[in-house]
Amino acid sequence: MPGHARPHNRSLVLQTLYTSGAMSRADLARATGLTRVTISDLVAELLGESLVVEQGTRDEARPGKPATLVDIHRAGFRIVGIDLSGHDAFQGAVLDFDGTVYDRVTVPLEGATGDAALAKVTDLARDLASRTTVPILGVGVGSPGVVDLAGTVLTAPNLGWKDLPLQQLLAAELGLPVLVANDANVAMLAEHSFGEALSDSMLVRIGNGVGAGLLVGGTLLYGNRFSAGEIGHVVVGTDGGEPCACGKNGCLETWLATPRLEARLAAATTDEERTRILERAGERLGIALAPIVGALDLAEVVLSGPAHLLDGPLATAALDTLRARTMAEFHGDLSLRGSALGQDIVMRGAAAMVLSGRLGVS
Ligand SMILES: [Zn+2]
């Protein structure tokens with residue numbers, strides 16, 4: 001049906017250019033399987049919207065007129081990416097289609113919750129949007145807590161938010177397209193778009209809390225109540241453990257949250273003891289992840305958080321435990337690695353979300 005084919009073909013053209021870079025209309029037709037006529041038509045439309053740009057010609061071995069190259073207009077737009085998951089600050093950046101950061105702003109949270117925290121987000125987004133004269137494709141926001149598909153924060157206890165229609169409120173305030181999603185899901189998107197994530201992957205974010213984003217068949221999993229990946233308050237093992245803020249004992253967070261790990265490491269007196277603390281945390285992570293890896297047949301686990309804690313004994317113990325507890329036949333080549341995207345992962349993922357939501361590009 002042509003009415004459905006057109007948006008699909010537009011995304012296909014943009015995705016092909018985004019992934020492969022500048023090419024001629026003839027190459028684009030070959031790469032997408034669309035006809036030359038359809039490609040010329042779509043490229044003309046995208047040129048009109050400044051989403052695609054002509055980039056001179058390429059000398060060809062063949063005789064005749066050299067082909068004009070077209071590319072997605074990488075420098076023609078900016079994206080605002082915002083990370084609300086920080087313990088004591090919100091941060092945001094102005095990025096381009098390739099995830100390059102042009103400008104960044106950090107706003108101390110100063111204990112703000114509820115409307116005061118909302119005002120800080122709005123001011124931050126407005127400040128970032130005012131820092132560029134290039135048109136803005138959209139604003140992406142990674143929020144802690146449970147966020148539904150309409151960008152409403154159903155619950156974010158640390159910020160005192162409940163049923164807050166953040167996406168709708170920001171869009172009305174800014175007059176720009178806005179997309180809001182859970183920070184771990186957004187980080188998973190960053191790994192997929194700008195990192196090296198495979199299509200069946202899990203990204204575990206370890207900070208003040210522990211959360212995860214799940215990518216299955218290249219698609220994010222949301223779950224029954226939009227809380228897929230909320231593994232932080234799942235109890236690991238049957239041998240108790242430290243009390244958790246949620247009222248249970250031995251939640252994954254009690255083993256892995258960075259404040260708890262730092263406190264244990266600070267109290268240790270020898271290197272052997274410190275190594276053992278990190279190994280025990282990694283082992284619990286492996287125990288918690290093994291059934292997930294098995295049930296979903298994941299190819300990899302990506303860890304995002306402080307490298308000085310995660311890299312080394314913790315990651316090694318987690319992978320050893322995962323391997324020992326899953327079927328070597330199916331999961332023997334499972335990989336576990338740290339994300340290379342560092343502290344910008346949520347801001348870059350928020351930009352990836354805007355690219356995907358507005359242009360169908362990932
Ligand atoms: Zn808990």
Side-chain angles (χ1 to χ4, degrees), residues 85-88 144 158 183-184 187-188 190-191 195-197 201-214 229-246 248-294 298-326 328 331-346:
S85 70
H87 168 53
D88 51 12
N158 294 343
D183 63 309
M188 183 75 259
E191 265 299 324
E196 297 166 351
S201 180
M202 177 173 192
L203 181 134
V204 183
R205 265 172 67 74
I206 298 168
N208 285 301
V210 177
L214 284 153
E230 292 288 327
I231 54 172
H233 294 287
V234 171
V235 174
V236 193
T238 53
D239 56 346
E242 288 184 9
C244 182
C246 74
K248 300 194 290 286
N249 291 315
C251 291
L252 187 59
E253 282 194 12
T254 66
W255 294 99
L256 276 177
T258 51
R260 299 223 190 203
L261 268 181
E262 297 280 18
R264 272 180 218 131
L265 290 171
T269 49
T270 66
D271 281 349
E272 288 73 26
E273 214 180 320
R274 279 185 275 275
T275 300
R276 188 69 200 121
I277 287 165
L278 293 169
E279 281 173 351
R280 283 219 311 266
E283 194 183 334
R284 293 287 165 159
L285 178 62
I287 293 171
L289 296 186
I292 304 170
V293 166
L298 300 179
E300 67 172 354
V301 173
V302 183
L303 302 184
S304 164
H308 71 280
L309 296 176
L310 303 183
D311 291 355
L314 193 154
T316 305
L319 184 58
D320 288 348
T321 308
L322 267 172
R323 290 232 165 100
R325 284 172 174 252
T326 53
H331 312 297
D333 58 355
L334 176 82
S335 77
L336 183 142
R337 61 178 175 85
S339 168
L341 299 179
Q343 294 303 307
D344 289 349
I345 190 166
V346 173

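For clarity, every value in this text was computed on a predicted model and none was experimentally measured. Starting from 1, each residue takes its place in the sequence as its number.
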Please report the interatomic distance [atom1]([X]) to [atom2]([Y]), rounded to the nearest 0.5 Å.
X: Thr254; Y: His233; atom1: OG1; atom2: NE2; answer: 9.5 Å
X: Ile287; Y: Thr321; atom1: CD1; atom2: OG1; answer: 6.5 Å
X: Arg280; Y: Thr275; atom1: CZ; atom2: OG1; answer: 12.0 Å
X: Arg205; Y: Ser85; atom1: CZ; atom2: OG; answer: 4.0 Å

Answer yes or no: are there more than 12 heavy-atom neighbours, outside Glu273 itself, under 6.0 Å from its atom CD?
yes

Qualifying residues under salt bridge (Lys or Arg N to Asp or Glu O under 4.0 Å), relative to [X], sequence neighbours excluded:
X: Arg337; result: Glu191, Glu300
X: Arg276; result: Glu279
X: Asp333; result: none
X: Arg264; result: Glu242

[X] versus [Y], closest heavy-atom pair with distance:
X: Ser339; Y: Ile345; answer: OG-CD1, 3.5 Å
X: Gly207; Y: Pro259; answer: O-CD, 3.8 Å
X: Val235; Y: Gly237; answer: CG1-O, 3.7 Å
X: Gly338; Y: Val302; answer: C-CG1, 4.2 Å
X: Asn208; Y: Thr258; answer: N-OG1, 3.9 Å
X: Gly250; Y: Trp255; answer: O-NE1, 3.6 Å

I'd like to know whether Leu265 forms a side chain to side chain contact (heavy atoms under 4.5 Å, CB included) with Leu278, so could you lay out the CA-CA distance, the side-chain angles of the two residues, the decisive distance to 0.1 Å, and finally the verdict.
CA-CA 8 Å; Leu265 290 171; Leu278 293 169; 4.1 Å; yes

Per-pair distances, 0.1 Å, donor-acceptor, side chain in residues 303-314, under 3.5 Å, sequence neighbours excluded:
residue: His308; atom: NE2; partner: Glu262; partner atom: OE2; Å: 3.1

List in chain and number order the residues that pass side-chain contact (heavy atoms from CB on, under 4.5 Å) with Ile292, two or more places apart in sequence or in another chain; answer none if no residue qualifies.
Met202, Leu214, Ile231, Leu289, Leu296, Leu298

Is there a side-chain contact between Val301 and Leu319 (heavy atoms, below 4.5 Å)?
no

Within a strict 4.5 Å, meaning less than it, do heavy atoms of the Leu252 and Val234 side chains meet?
no

Arg274 side chain to Ala268 backbone, donor-acceptor under 3.5 Å
yes

